[in-house]
Colleague: 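Take this structure, written in structure tokens, and hold onto it; I'll ask about it next.
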Amino acid sequence: MIRFGLCCIFIEEPIKFRTITAKTLSTLPRQQQLERISDICLKNAENLVESLHSVARMGIGAFRILSSFFPRYTHPEAGYVLEDLPDAKSILKILKHVNRLRGGKNIRLSFHPDQFVVLNSPNEEVVRKSIAEIEYHAALATLVGAEVINIHAGGGYGDKAASLKRFERGYALLSAAAQQRLTLENDDVLYTPSDLLPLCRDLRIPLVYDVHHHRCNPDSLSVEEATAKAMETWTLRKQEPYSHVSSPKQGWTGRDPKPHADYINPADIPDFWRDIGPFTLDVEAKHKEKAVVKLMDEWPIR
DNA sequence: GCATGTCAAGTTGTG
DNA sequence: CACAACTTGACATGC
């Protein structure tokens with residue numbers, strides 16, 4: 001049994017999350033900055049409520065919240081905390097409503113902090129900023145009841161073993177709220193499931209198994225083996241596993257299989273996934289909810 | 001209006 | 001060595 005998930009945004013549904021750049025904010029006095037940000041955060045909170053209604057209506061069971069939900073939250077100049085915002089009370093109220101809705105509709109929420117979050121960087125400043133960004137996600141996750149903050153292990157810096165050791169150091173600096181939600185995902189160029197599984201076992205971190213990344217960046221494990229080992233990291237924590245799927249834009253014969261296609265080719269989903277579970281499968285496709293709905297139609301669960 | 005360039009941030013592989 | 005790719009497009013500006 002598979003629960004399908006949508007990532008961040010919609011292509012056809014009339015829901016547009018808003019944002020603002022640090023550059024634009026920098027032209028405004030602080031009070032006006034906070035007003036602009038507050039307005040955007042309030043609208044994004046309302047958008048999230050609408051998102052839950054929409055995905056529930058379409059039979060989608062998970063939703064990834066975009067990282068710029070509170071735009072520029074940790075920016076060195078434009079950054080802020082919720083209490084700074086004129087609409088803080090309304091925003092909080094809506095986010096608590098989101099949490100109740102999520103529970104009532106049984107929708108899993110997650111985050112995927114962007115590529116600038118590198119917990120294993122040799123540069124201390126990068127680690128410090130990465131931790132701030134993860135803690136921002138954790139605060140938001142606590143408010144809305146999101147289970148997962150999923151990241152990649154980071155750079156290799158010519159020595160993957162040493163770099164994974166540095167990951168442990170960064171991980172140790174996170175709050176309990178962040179550690180509780182942090183998950184690791186195999187990436188498409190560097191860290192394979194085999195690389196990450198020992199670390200996941202040692203730190204009790206669930207492994208989000210991205211089958212597309214595994215095909216782009218394989219190791220000695222078969223898809224079957226990697227699936228089974230990844231699932232174990234979740235059941236150990238008594239959580240439903242998460243996996244990711246996407247299809248290559250130019251097909252597997254094209255030059256670079258890494259870019260994502262508009263839709264999922266059902267053939268890219270391992271057949272045996274029908275018989276395991278339950279687990280959540282985030283669909284990473286450019287056509288967003290249309291791709292998820294199409295996949296659910298073309299790849300019916302038993 | 002609509003087209004186009006820009007947007008905080010890291011790391012890697014490619015042309 | 002510049003640039004795309006990564007989960008990603010929306011905002012800002014200038015015509």
Colleague: Send over the distance from A:Tyr242 OH to C:dT7 P, rounded to a whole Å.
Modeller: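 About 15 Å, once rounded to whole Å.
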Colleague: Roughly how many Å apart are B:dA9 and C:dA5, using the C1' atom of each and rounding to a whole number?
Modeller: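 C:dA5 and B:dA9 have their C1' atoms separated by 16 Å.
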Colleague: Is any side-chain N of the basic residue among A:Lys129 and A:Glu133 closer than 4.0 Å to the acidic one's carboxylate O?
Modeller: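 Salt bridge flag = no for A:Glu133 with A:Lys129.
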Colleague: Of the listed nucleotides (C:dC6, C:dG9, C:dA12), which one gets closest to any side-chain atom of A:Ile20?
Modeller: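 Shortest atom-to-atom distance from the side chain points to C:dA12.
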Colleague: Taking CG from A:Leu25 and C1' from C:dA12, how many angstroms apart are they, rounded to a whole number?
Modeller: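 Rounded to the whole Å, the gap is 12 Å.
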Colleague: Using the P atoms only, state how far B:dG5 lies from C:dA4, rounded to an integer number of Å.
Modeller: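 Roughly 12 Å separates the two P atoms.
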Colleague: Taking B:dT6 as the reference, what is the distance to C:dT8 when you measure between their C1' atoms (whole Å, please)?
Modeller: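 Per the computed distance, 15 Å lies between those C1' atoms.
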Colleague: Which part of the nucleic acid, if any, lies within reach of A:Asp114 when heavy atoms closer than 4.0 Å are counted: base, sugar-phosphate only, or nothing?
Modeller: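 Since a base atom lies under 4.0 Å of A:Asp114, the category is base.
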Colleague: Among C:dC11, C:dT8, C:dA12, which nucleotide has an atom closest to any side-chain atom of A:Lys288?
Modeller: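 My answer, after comparing the listed nucleotides, is C:dT8.
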Colleague: How would you label the contact of A:Glu133 with the nucleic acid (heavy atoms, under 4.0 Å): base, sugar-phosphate, or nothing?
Modeller: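 Base contact - A:Glu133 has a heavy atom under 4.0 Å of at least one base atom.
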Colleague: With heavy atoms under 4.0 Å as the rule, sort A:Gly154 into base, sugar-phosphate or nothing.
Modeller: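 Since no nucleic acid heavy atom lies under 4.0 Å of A:Gly154, the category is nothing.
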Colleague: For the pair made of CZ in A:Phe10 and P in C:dG9, what is the distance, rounded to whole Å?
Modeller: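 Result: 14 Å.
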Colleague: Is A:Gln115 touching bases, backbone alone, or none of the nucleic acid, heavy atoms closer than 4.0 Å?
Modeller: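 It contacts base atoms.
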Colleague: Does A:Phe116 lie flat on the base of B:dG10, that is, centres under 5.5 Å apart and planes under 30° off?
Modeller: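 Check failed, A:Phe116 does not stack on base of B:dG10.
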Colleague: Rounded to whole angstroms, how far apart are CD on A:Glu289 and P on C:dG9?
Modeller: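 Interatomic distance, CD of A:Glu289 to P of C:dG9: 12 Å.
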Colleague: Any base atoms under 4.0 Å from A:Cys8, or only sugar-phosphate, or nothing? Heavy atoms, all strands.
Modeller: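 Result for A:Cys8 = base.
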Colleague: Work out how far the P atom of C:dT7 is from that of C:dC3, and round it to whole angstrom.
Modeller: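 Between the two P atoms, the distance is 22 Å.
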Colleague: Categorize A:Pro71 for me: base, sugar-phosphate, or nothing, with a 4.0 angstrom heavy-atom threshold over every strand shown.
Modeller: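 Contact class for A:Pro71: none.
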Colleague: Between A:Arg36 and C:dA12, does any side-chain N or O lie under 4.0 Å from OP1 or OP2?
Modeller: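 For C:dA12, OP1/OP2 do have a side-chain N/O of A:Arg36 under 4.0 Å.
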Colleague: Does A:Glu46 come within less than 4.0 Å of A:Lys43, counting only side-chain N to carboxylate O?
Modeller: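 Looking at A:Lys43 together with A:Glu46, the answer is no, because their closest N to O distance does not fall below 4.0 Å.
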Colleague: Please compare A:Ala285 and A:Thr27 by the position of their nearest nucleotide in DNA chain C and report the one closer to 5'.
Modeller: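 First, find each residue's nearest nucleotide; the 5'-ward one identifies A:Ala285.
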Colleague: Using atom P in both nucleotides, what's the gap between B:dA8 and C:dT13 to the nearest angstrom?
Modeller: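 Pairwise P distance, B:dA8 against C:dT13, rounds to 12 Å.
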Colleague: Report which part of the nucleic acid A:His152 touches: base, sugar-phosphate, or nothing (heavy-atom distance under 4.0 Å, all strands).
Modeller: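 Since only primed, P, OP1 and OP2 atoms lie under 4.0 Å of A:His152, the category is sugar-phosphate.
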Colleague: When you measure from the side chain of A:Thr19, which nucleotide among B:dA8, C:dC11, B:dT12 comes out closest?
Modeller: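 The nucleotide sitting nearest to the side chain is C:dC11.
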Colleague: Taking the basic N atoms (NZ, or NE/NH1/NH2) and the acidic carboxylate oxygens, is any pair closer than 4.0 Å for A:Glu284 and A:Arg64?
Modeller: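 Salt bridge present between A:Glu284 and A:Arg64.
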Colleague: In whole Å, I'd like the distance from the CZ atom of A:Arg64 to the P atom of C:dG9.
Modeller: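 Taking atom P of C:dG9 as the reference, CZ of A:Arg64 is at 12 Å.
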Colleague: OP1, OP2 of C:dA10 versus side-chain N and O of A:Lys16: anything below 4.0 Å?
Modeller: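 Answer yes for this pair, as a side-chain N or O of A:Lys16 is under 4.0 Å from OP1 or OP2.
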Colleague: Return the nearest nucleotide to the side chain of A:Thr74; candidates are C:dT8, B:dA8, B:dG13.
Modeller: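 From the listed options, B:dA8 comes nearest.
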Colleague: May I ask you to check whether A:Thr183 and A:Asn150 show a side-chain donor-acceptor distance below 3.5 Å?
Modeller: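 Present: a donor and an acceptor within the cut-off.
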Colleague: Can you figure out which of B:dG10, C:dA12, C:dT7 approaches the side chain of A:Thr21 most closely?
Modeller: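 Closest of the options to the side chain of A:Thr21: C:dA12.
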Colleague: Linking I/L/V/M/F/W/Y whenever their side-chain heavy atoms sit closer than 4.5 Å, directly or via other members, would A:Val211 and A:Val148 fall into one cluster?
Modeller: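 No: no chain of side-chain contacts under 4.5 Å links A:Val211 to A:Val148.
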Colleague: Can you tell me if A:Lys23 touches the phosphate of B:dC7, counting only side-chain N or O atoms and a distance under 4.0 Å to OP1 or OP2?
Modeller: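 So the side-chain polar atoms of A:Lys23 do come within 4.0 Å of the phosphate oxygens OP1 or OP2 of B:dC7, strictly under.
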Colleague: Under 3.5 Å for both donor-acceptor distances, Watson-Crick or wobble: does C:dA4 have a partner, and if so which one?
Modeller: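 Paired with C:dA4, as far as the under-3.5 Å criterion goes, is B:dT12.
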Colleague: How many whole angstroms separate atom CG of A:Leu28 from atom C1' of C:dA12?
Modeller: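 Checked: the CG to C1' distance equals 12 Å.
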Colleague: Within less than 4.0 Å of OP1 or OP2 of C:dT7, is there a side-chain N or O belonging to A:His213?
Modeller: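 Yes, A:His213 has a side-chain N/O under 4.0 Å of OP1/OP2 on C:dT7.
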Colleague: I'd like to know if A:Lys165 pairs up with A:Glu168 as an ion pair, taking the criterion as any Lys NZ or Arg NE/NH1/NH2 lying under 4.0 Å from an Asp or Glu carboxylate oxygen.
Modeller: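 Looking at A:Lys165 and A:Glu168, the cut-off is met.
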Colleague: When you check the phosphate oxygens OP1 and OP2 of B:dT11, does a side-chain N or O of A:Ser121 lie under 4.0 Å from one of them?
Modeller: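 True: A:Ser121 side-chain N/O within range (under 4.0 Å) of B:dT11 OP1/OP2.
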Colleague: Separation of A:Ile65 atom CD1 from C:dT7 atom P, in whole Å?
Modeller: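 In whole Å, C:dT7 P and A:Ile65 CD1 are 18 Å from each other.
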Colleague: Whether A:His75 contacts B:dC7 is assessed here as follows: a side-chain N or O lying under 4.0 Å from the phosphate OP1 or OP2. Is that the case?
Modeller: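 No, outside the criterion.
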Colleague: Distance check needed: B:dT12 P versus A:Asp188 CG, whole Å only.
Modeller: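 For the pair A:Asp188 CG and B:dT12 P, the rounded distance is 13 Å.
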Colleague: Which nucleotide, if any, forms a Watson-Crick or G-U wobble pair with C:dG9, using both distances under 3.5 Å?
Modeller: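 Pairing partner, where one exists within any strand: B:dC7.
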Colleague: Does A:Lys160 have more than 12 heavy atoms from other residues, nucleotides or ligands lying within 6.0 Å of its NZ?
Modeller: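 Enclosed: over 12 neighbouring heavy atoms sit under 6.0 Å from NZ of A:Lys160.
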Colleague: Quick test of your reading of the model: are A:Asp39 and A:Arg18 salt-bridged, counting only N-O distances below 4.0 Å?
Modeller: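 Salt bridge: yes.
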Colleague: Would you mind classifying the nucleic acid contact of A:Arg72 as base, sugar-phosphate or nothing, using non-hydrogen atoms under 4.0 angstrom?
Modeller: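 If one applies the 4.0 Å heavy-atom cut-off, A:Arg72 turns out to touch a base.
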